[in-house]
There are 2 protein chains.
Amino acid sequence: MVNHPLEWRINVPHATTSTVLVPHPYCSPHIRVCTLPLGFIMGFLTTIWGFLQRAWIIAVTEPNKLMHCLKVGLALSLVSLFYYMRPLYQGVGGNAMWAVMTVVVVSEYTVGATLSKSVNRATGTFLAGALAVGVHWVATQSGEKLEPVILQASVFLLAAAATFSRFIPSIKARFDYGAMIFILTFSLVSVSGYRVQKLFKLAHDRLSTIAIGTSICILISMLVCPVWAGTELHNLIKNNMEKLSDSLDGCVAEYFGNDVKSNNSKSEASHKILQAYKCTLNSKATEESLANFARWEPAHGGFNFGHPWKEYLKVGASLRSCAYCIEALNGGSICSDAKVPDFLKTHFGKFCIRLSASSSAVLKELAVAISTMKKSSKIDVMVEEMRNAVQELENALKSLSRQQIASTETKTGDSVNDIGEGNASPVVVTLAEIVPLVTVTSLLIEIAARTEKIAEAVNGLADKAEFRVESAENTKKSQTQKVKQISAKDEDEKTMMTLEKV
Amino acid sequence: MVNHPLEWRINVPHATTSTVLVPHPYCSPHIRVCTLPLGFIMGFLTTIWGFLQRAWIIAVTEPNKLMHCLKVGLALSLVSLFYYMRPLYQGVGGNAMWAVMTVVVVSEYTVGATLSKSVNRATGTFLAGALAVGVHWVATQSGEKLEPVILQASVFLLAAAATFSRFIPSIKARFDYGAMIFILTFSLVSVSGYRVQKLFKLAHDRLSTIAIGTSICILISMLVCPVWAGTELHNLIKNNMEKLSDSLDGCVAEYFGNDVKSNNSKSEASHKILQAYKCTLNSKATEESLANFARWEPAHGGFNFGHPWKEYLKVGASLRSCAYCIEALNGGSICSDAKVPDFLKTHFGKFCIRLSASSSAVLKELAVAISTMKKSSKIDVMVEEMRNAVQELENALKSLSRQQIASTETKTGDSVNDIGEGNASPVVVTLAEIVPLVTVTSLLIEIAARTEKIAEAVNGLADKAEFRVESAENTKKSQTQKVKQISAKDEDEKTMMTLEKV
């Protein structure tokens with residue numbers, strides 16, 4: 001054989017000579033074999049690096065999560081001591097493995113979730129164990145031939161029934177894990193009961209190891225930097241409220257007048273604020289699971305046992321309903337339409353900004369009320385203030401229809417406008433030009449209505465959770481603020497009246 | 001002691017005689033003891049009855065869920081056969097229990113979820129087992145004193161690291177269960193390796209039993225009435241689209257003119273239709289988990305392996321964005337304001353209903369395109385139709401501003417309106433009166449814009465999933481329909497023009 005480099009020969013039908021394809025020097029098989037794994041390794045390393053970076057960000061921003069990992073490690077180390085200490089090992093028998101398994105499965109981020117899983121696991125195991133022992137007794141009484149049939153049938157029926165119960169929403173929300181453990185334990189005990197003669201010993205071992213595992217987990221989760229589901233829910237609702245308030249402010253500020261600012265600084269910070277409300281839109285599932293876990297938790301912080309966690313869900317739902325309106329307001333064609341005449345934008349901007357400012361002030365005050373767990377004495381005044389702002393905006397709309405869109409039919413199709421009697425400059429305005437403005441206005445009015453609903457929901461929470469009433473000193477402060485607000489309003493009304501007269 | 005009925009004596013300070021409280025005959029302790037458990041039992045039976053009723057409703061409306069329960073029962077029965085058949089039992093050793101456990105834990109409703117859990121369980125077990133054997137070897141080489149220290153430290157570190165990885169979103173979405181099984185297996189093998197001398201046998205047994213359990217589950221879930229996560233996602237998106245379309249129609253019909261109908265029939269059916277869009281609002285979590293599971297599934301039905309499930313998420317997001325607008329439209333103060341003059345409502349109702357009808361027709365057509373997996377040949381025409389409807393509505397707004405709100409400043413503050421030159425009856429309209437109408441109008445325009453986004457998303461899906469193009473016959477049908485639509489539009493324009501001239 002001649003030792004020359006590999007060649008491919010192609011016969012091109014219409015060409016006069018046949019073309020010989022010589023392999024490109026950089027594509028030689030030897031080099032390819034080397035570069036392929038190099039690229040693969042580089043890609044792999046990049047992935048790992050990106051992964052580590054993301055992990056680092058989580059560790060820095062949420063140290064509680066890092067702490068949770070150390071807690072799991074600690075719980076596992078503690079439980080594996082049962083293996084290394086001989087006396088303990090002999091105590092719970094060779095089944096100490098179950099304790100390890102319990103710790104791994106039951107360790108959850110929040111105390112409520114850990115408690116819920118522990119109770120589910122213990123109850124499921126106990127019920128299934130008792131039932132399995134009963135069925136086993138019946139089976140052994142019915143003769144050797146019938147025994148496996150009874151055991152098989154009972155496993156089939158109970159597994160199917162317990163699986164079905166997991167589809168029922170009320171069971172799924174609270175006892176999903178318990179139902180799974182029920183099936184598991186029943187199958188294990190009933191099936192292995194046929195072999196292992198000491199059935200009671202097995203059931204007893206399993207229960208005691210589960211008790212050891214769950215108590216280690218519960219103690220560690222409650223004593224070492226506890227993360228309470230209740231507190232998480234409380235903070236989630238409070239933060240969502242603040243974000244909603246910021247987004248509302250940002251959204252209205254962007255539409256009216258903040259166009260003057262430089263685009264660079266805007267895109268950095270204000271875009272973030274504008275989008276902040278979005279996390280409210282999809283928080284329903286998180287809120288519900290936190291509320292479910294919070295019910296299992298004992299009294300902690302300012303929360304008693306039996307704190308009305310369901311009320312938080314109502315507040316959350318009303319927040320979402322308000323967020324939907326902001327999302328509609330923030331949507332493409334409503335806000336972006338820049339056809340509105342400047343003078344109208346300035347005129348209405350004043351009222352709209354005041355309304356949105358008072359709505360967002362109500363939201364901020366409610367957030368403070370929730371976070372301090374004190375009934376706000378200012379809130380009624382502020383809601384009244386918001387209602388007045390709505391009224392003013394509606395009045396402004398009415399006065400606009402009388403004064404500024406006084407259009408008359410002309411041949412050319414233009415509408416001519418006269419502001420008052422003494423005005424020298426006629427302004428042309430058509431209805432189509434003010435459509436975006438009217439829409440923003442009425443969405444803001446709707447947002448104010450929904451903000452009132454939020455205030456009602458928070459009020460319901462405050463009543464049921466027995467929030468304290470703010471001290472007299474704070475009430476005084478709020479009253480001086482109220483006086484200031486009223487005087488500011490009066491001044492504004494005066495300027496409005498002078499504007500109208502001009 | 002005297003045997004007389006129990007008495008309570010109270011000394012009332014300001015009364016002249018002391019009052020003796022004789023127990024009420026119906027409250028005697030004997031009767032109370034009997035009624036308490038009776039009430040308790042009745043309450044318990046009522047709860048059970050309600051529970052069974054709900055279960056029955058689920059079983060009747062969703063037979064697939066009932067089937068799933070029977071499948072779980074079947075899988076457990078099959079796997080417990082390993083216990084009853086001696087040769088098989090001796091084959092996998094005394095650890096057949098692991099197979100039972102695997103079946104219970106891995107059996108999920110959809111094929112994708114079962115596959116995902118199976119692969120996670122197998123991979124997690126294999127990796128952890130291999131690592132644990134390695135660590136165990138290192139530990140045994142380092143002397144008897146250092147051995148438990150190395151094992152403990154490795155359990156602590158790896159458990160903490162694996163727990164932390166579960167917080168990273170990309171891991172959580174796909175490998176959450178695998179990470180848990182990794183911790184579980186590593187702890188079990190590494191800890192029990194200290195006692196059980198036959199470590200390799202343990203690892204081998206665990207792997208083979210898991211293989212048996214997962215293969216039984218996978219086979220049953222794929223062969224007996226399979227529920228594919230992909231199909232579920234596909235249908236969810238399609239149904240949400242149809243519901244959105246129905247709600248949009250219902251919402252606009254309720255606002256314009258359907259007030260004539262009796263309230264009874266309305267509250268029954270139409271309320272349900274009106275609220276149908278709400279299930280779109282919170283479907284994000286379901287969609288994401290279904291898309292995650294669908295990735296694991298092999299080709300089934302019309303879906304190839306590698307079907308672009310992520311595109312469904314984009315369609316879902318655009319559907320939600322449209323639903324937010326409908327929710328704002330459906331909200332209290334926008335629609336309920338009945339101040340709008342009837343003639344304007346009738347005039348605009350025509351255009352609004354046409355726009356909403358064309359938007360909902362686009363949505364219905366997109367739903368058909370998704371469900372048949374065929375690119376609709378009509379959709380471009382229909383989107384164009386919708387754009388025309390938007391244009392007409394905008395024109396109507398413009399013509400209104402010229403003709404119907406021609407208000408002039410009068411001393412009494414009333415605005416007088418003349419429709420055209422030859423009109424005999426002047427109509428009084430203020431801007432405040434048409435605010436709700438303008439808002440509904442511009443929300444409908446925004447909904448049309450978002451419907452276009454949905455159409456784009458579905459188009460993206462159709463391109464990536466390589467939907468077939470509709471046959472020529474269907475195209476012909478759609479063209480005749482288009483011609484009909486255009487002629488209908490022309491007629492409408494003629495009537496509008498005559499209306500304007502009147």
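Both backbone and side-chain heavy atoms feed into the values below; hydrogens, waters and symmetry mates do not.
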Non-hydrogen atoms of A:S77 and B:Q152 that approach each other most closely: O-NE2, 3.3 Å
Looking at A:I183, A:L158, A:V104, which makes the most heavy-atom pairs under 4.5 Å with chain B? A:V104
Scanning both residues in full, the closest heavy-atom pair of B:R54 with A:S170 reads NH1-OG, 3.2 Å
Please state whether the side chain, the backbone, both or neither of B:K284 comes within less than 4.5 Å of a heavy atom of chain A. side chain
Pairs of heavy atoms under 4.5 Å with chain B: top-ranked of A:A323, A:P169, A:A55, A:A159: A:A55
Closest heavy-atom pair and its distance - B:F167, A:C69: CE1-SG, 4.1 Å
Minimal heavy-atom distance between A:L74 and B:F156, with the atoms involved, is N-CE1, 3.4 Å
Under a 4.5 Å heavy-atom cut-off, does chain A meet the side chain of B:A59, its backbone, both or neither? both
With a 4.5 angstrom heavy-atom cut-off, which part of B:R320 approaches chain A: side chain, backbone, both or neither? side chain
In sequence, state the C-alpha distance, the side-chain angles, and the governing distance for B:M101 and A:M101, and then conclude on side chain to side chain contact (heavy atoms under 4.5 Å, CB included). CA-CA 12 Å; B:M101 197 174 281; A:M101 198 175 279; 4.0 Å; yes
Fit a plane to each ring of B:Y324 and A:Y324, take the angle between them on a 0 to 90° scale, and name the class: parallel (under 30°), tilted (30 to 60°) or perpendicular (over 60°). parallel
Picking from A:I58, A:V155, A:I57, A:V72, which has the most non-hydrogen pairs under 4.5 angstrom with chain B? A:I58
At a heavy-atom separation under 4.5 Å, does B:L281 approach chain A through its side chain, its backbone, both, or neither? both
Can you confirm whether more than 12 heavy atoms, excluding those of B:K65, are under 6.0 Å from its NZ atom? yes
What heavy-atom pair brings A:V438 and B:T439 nearest, and what distance separates the two atoms? O-OG1, 4.3 Å
Roughly how far, to the nearest 0.5 Å, is the CG atom of A:L184 from the CG atom of B:L76? 9.0 Å
